[in-house]
Amino acid sequence: MSVRVRFAPSPTGFLHIGGLRTALYNYLFARHHKGTFVLRIEDTDQSRYVSDAEQDIIESLEWAGIQIDEGPHKPSSFGPYRQSERKERYHKFAQQLIEQDHAYYAFDTTEEIEEMRERLKKSGNPSPKYDSITRQSMKNSLTLSQDQVQEKLQQGDEYVIRLKVPRRDTVKFKDEIRGIVSFDTAGLDDQVLLKSDGMPTYHLANVVDDHTMEITHVIRGEEWLSSAPKHMLLYKAFGWEPPTMAHLPLIMSPSGGKLSKRKAETEGIPVNTKEYRFGYYEPEALINFLAFLGWNPGDDSEVHNMSSLCEKFTLDRVSKGGAVFNYKKLMWYNEYYVHHHRTIEDLLPQIQQMFSASGLKANDATFLKMVVTLLHERVSKVDEFVPMGRFFYEAPKDYNEKALKKWSDQSAVLVKSFIGRLIEIAEQEFTAVAIKHALEATVDAESVGFGKVMMPVRIALSGQSFGPDLFPAMELIGKTECLSRMQTAVGRLG
RNA sequence: UCCCAUUUAGUCUAGGUGGUUCAGGAUACCCCGCUUUCACCGGGGAGACACGGGUUCGAGUCCCGUAGUGGGAACCA
């Protein structure tokens with residue numbers, strides 16, 4: 001049987017970075033086995049529905065290089081792919097469970113359930129729930145007569161359908177990552193399967209859909225491990241073969257706990273895939289980083305593109321413990337991909353667009369190409385080209401604080417001396433080589449080290465204490481502009 | 001509080017079937033080198049098997065406890 005996996009996000013907001021990793025693992029698993037990767041939208045909670053979310057999910061996956069084989073925008077025979085559009089199926093199956101005594105109608109109001117919880121808490125039950133014991137004293141089709149139930153249904157009373165969890169039983173199943181896990185049904189509640197608004201809960205919907213969509217492997221976050229026994233109970237009740245289960249370790253925040261939106265923000269970690277998309281991150285770097293957050297190929301290799309990851313990925317190499325999101329490691333990957341996998345040619349259009357967006361006229365393609373070449377190896381994310389390359393297009397408006405500390409008392413004198421040499425050079429001969437000779441002459445004449453002259457010149461030209469190779473940079477900027485900036489600096493800094 | 005999972009350096013991790021290539025790699029950090037600066041690059045350094053029992057001639061590796069961490073305990077997914 002061919003492998004079919006699904007990524008089943010809830011459209012309640014932008015695609016979370018943890019969701020992206022879950023999608024990635026599913027995708028890698030699918031591709032490794034030449035199977036199918038399905039996107040299913042779990043929009044059963046109408047109160048939390050966000051209309052742009054689905055589009056964001058699809059675009060984000062696409063940006064990351066995760067190709068969806070089937071989904072709401074790519075239908076096939078297993079559709080529809082939005083749970084809201086599969087409503088009737090859930091009703092039918094819920095009905096079936098009732099008929100087979102695996103589920104029942106419950107008419108209790110939220111107030112009544114709350115009351116029950118309060119009552120049990122007072123009598124010493126720390127975590128009261130609607131279960132095999134308490135259901136006997138509630139309003140449901142197990143305690144009411146058949147006539148009463150029929151009457152209530154007919155007069156349109158609100159109801160839910162609950163799973164009838166067996167009283168004393170042990171649910172055991174094999175998780176591909178964790179091995180055998182077992183749960184006592186005494187710890188489970190009679191999970192609501194069909195809500196009073198007619199929508200299924202996640203639990204019913206995911207079981208019905210995974211089965212009818214012929215999903216072979218359920219690969220999802222560890223937060224679902226606790227409800228997995230309910231799902232196994234459902235498969236059993238339906239008489240269906242459950243798919244293979246694999247619960248992934250969670251991505252943790254550096255300060256501990258699941259990497260939530262709020263936590264991530266306070267720790268400076270972008271949490272929505274969207275932020276990476278529009279933040280000029282390299283998708284391959286993010287993917288490589290995410291793949292290694294909870295998985296590794298078993299050798300000492302660190303860099304893998306998507307196809308290599310597809311080839312190497314297996315569930316038995318996924319680790320069990322939560323993995324802390326390390327932003328610096330991500331940046332290392334990003335830098336690596338910028339340096340090794342992006343050529344100057346491929347960077348040019350993007351850089352030009354960025355320069356233009358920040359008001360710099362980067363129209364000269366040859367000039368821009370030189371700028372990008374000079375900057376390429378010292379940039380770790382492509383948007384850094386702008387602040388680093390700005391001085392190629394305009395004189396610094398002010399001087400960086402750190403840079404100013406390197407402007408010494410003798411700097412002005414040395415820069416002036418250098419200016420004297422540069423003036424001698426003809427405009428058309430103002431080349432990196434010529435400039436270097438001029439500097440050497442200056443250094444000789446003044447009996448100082450290279451740096452004593454270079455640093456002040458750099459500051460004068462760029463306003464900063466670091467940056468690309470200075471001689472070619474000066475050639476690009478041109479004689480007139482260089483001299484003007486140096487004179488300005490001498491005048492302003494003394 | 002209950003249930004489940006999990007636990008190798010700051011972080012991500014390698015360590016099928018227990019025995020002087022078992023404590024390795026990467027990142028981060030520190031130092032040195034290269035260099036006009038910053039980075040890149042090259043070299044080096046410090047840093048870990050949660051704790052306690054057991055099984056065994058021998059355990060990071062198996063078993064049991066304890067602790068820490070995380071998840072769950074909804075008509076949310």
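Given the structure is predicted, the values throughout are model-derived calculations rather than measurements. Residue numbering restarts at 1 for every chain, and letters A, B, ... go by the order of the sequence lines.
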Below 4.0 angstrom, N of the basic side chain to O of the carboxylate: do [X] and [Y] qualify?
{"X": "A:Asp189", "Y": "A:Lys230", "result": "yes"}
{"X": "A:Glu112", "Y": "A:Lys139", "result": "yes"}
{"X": "A:Glu85", "Y": "A:Arg82", "result": "yes"}
{"X": "A:Asp56", "Y": "A:Lys274", "result": "no"}
{"X": "A:Lys164", "Y": "A:Asp190", "result": "no"}
{"X": "A:Glu88", "Y": "A:Arg86", "result": "no"}

Given atom [atom1] of [X] and atom [atom2] of [N], what is their separation to the nearest angstrom?
{"X": "A:Phe471", "N": "B:rC38", "atom1": "CZ", "atom2": "P", "answer": "15 Å"}
{"X": "A:Leu120", "N": "B:rC2", "atom1": "CG", "atom2": "P", "answer": "17 Å"}
{"X": "A:Ile251", "N": "B:rU6", "atom1": "CD1", "atom2": "P", "answer": "18 Å"}
{"X": "A:Lys121", "N": "B:rC2", "atom1": "NZ", "atom2": "P", "answer": "15 Å"}
{"X": "A:Asn400", "N": "B:rC38", "atom1": "CG", "atom2": "P", "answer": "14 Å"}
{"X": "A:Asn326", "N": "B:rC12", "atom1": "CG", "atom2": "C1'", "answer": "7 Å"}
{"X": "A:Arg220", "N": "B:rC4", "atom1": "CZ", "atom2": "C1'", "answer": "14 Å"}
{"X": "A:Lys328", "N": "B:rG10", "atom1": "NZ", "atom2": "P", "answer": "15 Å"}

Could you tell me whether [X] contacts a base, only the sugar-phosphate backbone, or nothing, with contacts defined as non-hydrogen atoms closer than 4.0 Å?
{"X": "A:Lys320", "answer": "sugar-phosphate"}
{"X": "A:Gly322", "answer": "sugar-phosphate"}
{"X": "A:Gly294", "answer": "sugar-phosphate"}
{"X": "A:Ser380", "answer": "nothing"}

Side chain of [X] only, heavy atoms from C-beta on: which candidate in [options] is closest?
{"X": "A:Phe466", "options": "B:rU13, B:rA5, B:rC38", "answer": "B:rC38"}
{"X": "A:Glu302", "options": "B:rC4, B:rA26, B:rG24", "answer": "B:rA26"}
{"X": "A:Arg178", "options": "B:rG24, B:rU6, B:rA14", "answer": "B:rU6"}
{"X": "A:Arg458", "options": "B:rC12, B:rU37, B:rA28", "answer": "B:rU37"}

Taking the [atom1] atom of each, how far is [N] from [M], in whole Å?
{"N": "B:rC38", "M": "B:rC31", "atom1": "P", "answer": "13 Å"}
{"N": "B:rU13", "M": "B:rU20", "atom1": "P", "answer": "27 Å"}
{"N": "B:rG60", "M": "B:rA77", "atom1": "C1'", "answer": "38 Å"}
{"N": "B:rA46", "M": "B:rA9", "atom1": "C1'", "answer": "10 Å"}
{"N": "B:rC63", "M": "B:rU21", "atom1": "P", "answer": "25 Å"}
{"N": "B:rA23", "M": "B:rC40", "atom1": "C1'", "answer": "31 Å"}
{"N": "B:rC30", "M": "B:rG19", "atom1": "P", "answer": "38 Å"}
{"N": "B:rG54", "M": "B:rU6", "atom1": "C1'", "answer": "22 Å"}

Establish, for the pair A:Arg162 and A:Tyr130, whether the NZ or CZ atom is under 6.0 angstrom from the six-membered ring centre and no further than 45 degrees off its axis.
-> yes
Pair A:Trp224 and A:Tyr202, ring centroids less than 6.0 Å apart | yes
Please determine if a side-chain N or O atom of A:Arg21 lies less than 4.0 Å away from the OP1 or OP2 oxygen of B:rC12.
-> no
Side-chain N,O (A:Asn296) to OP1/OP2 (B:rA14) below 4.0 Å = yes
Going by purine N1 to pyrimidine N3 plus the second Watson-Crick contact, or the G-U wobble pair, all under 3.5 Å, which nucleotide sits opposite [N]?
{"N": "B:rU56", "answer": "none"}
{"N": "B:rA67", "answer": "B:rU7"}
{"N": "B:rU20", "answer": "none"}
{"N": "B:rC29", "answer": "B:rG45"}
{"N": "B:rU35", "answer": "none"}
{"N": "B:rA73", "answer": "B:rU1"}

Mind checking whether A:Trp407 and A:Val415 have side chains closer than 4.5 Å, heavy atoms only?
-> yes
Salt bridge (Lys or Arg N to Asp or Glu O under 4.0 Å) contacts touching residues 5-14 of chain A (sequence neighbours left out) = A:Arg6-A:Asp210
Spell out protein contact along nucleotides 63-77 of chain B as letters: B when the base is contacted, S when just the sugar-phosphate is, - when no protein heavy atom is under 4.0 Å; keep the 5' to 3' order.
-> -------BBS-SBBB
Tell me which of A:Lys406 and A:Ser319 sits closer to the 5' end of RNA chain B, going by the nucleotide each one is nearest to.
-> A:Ser319
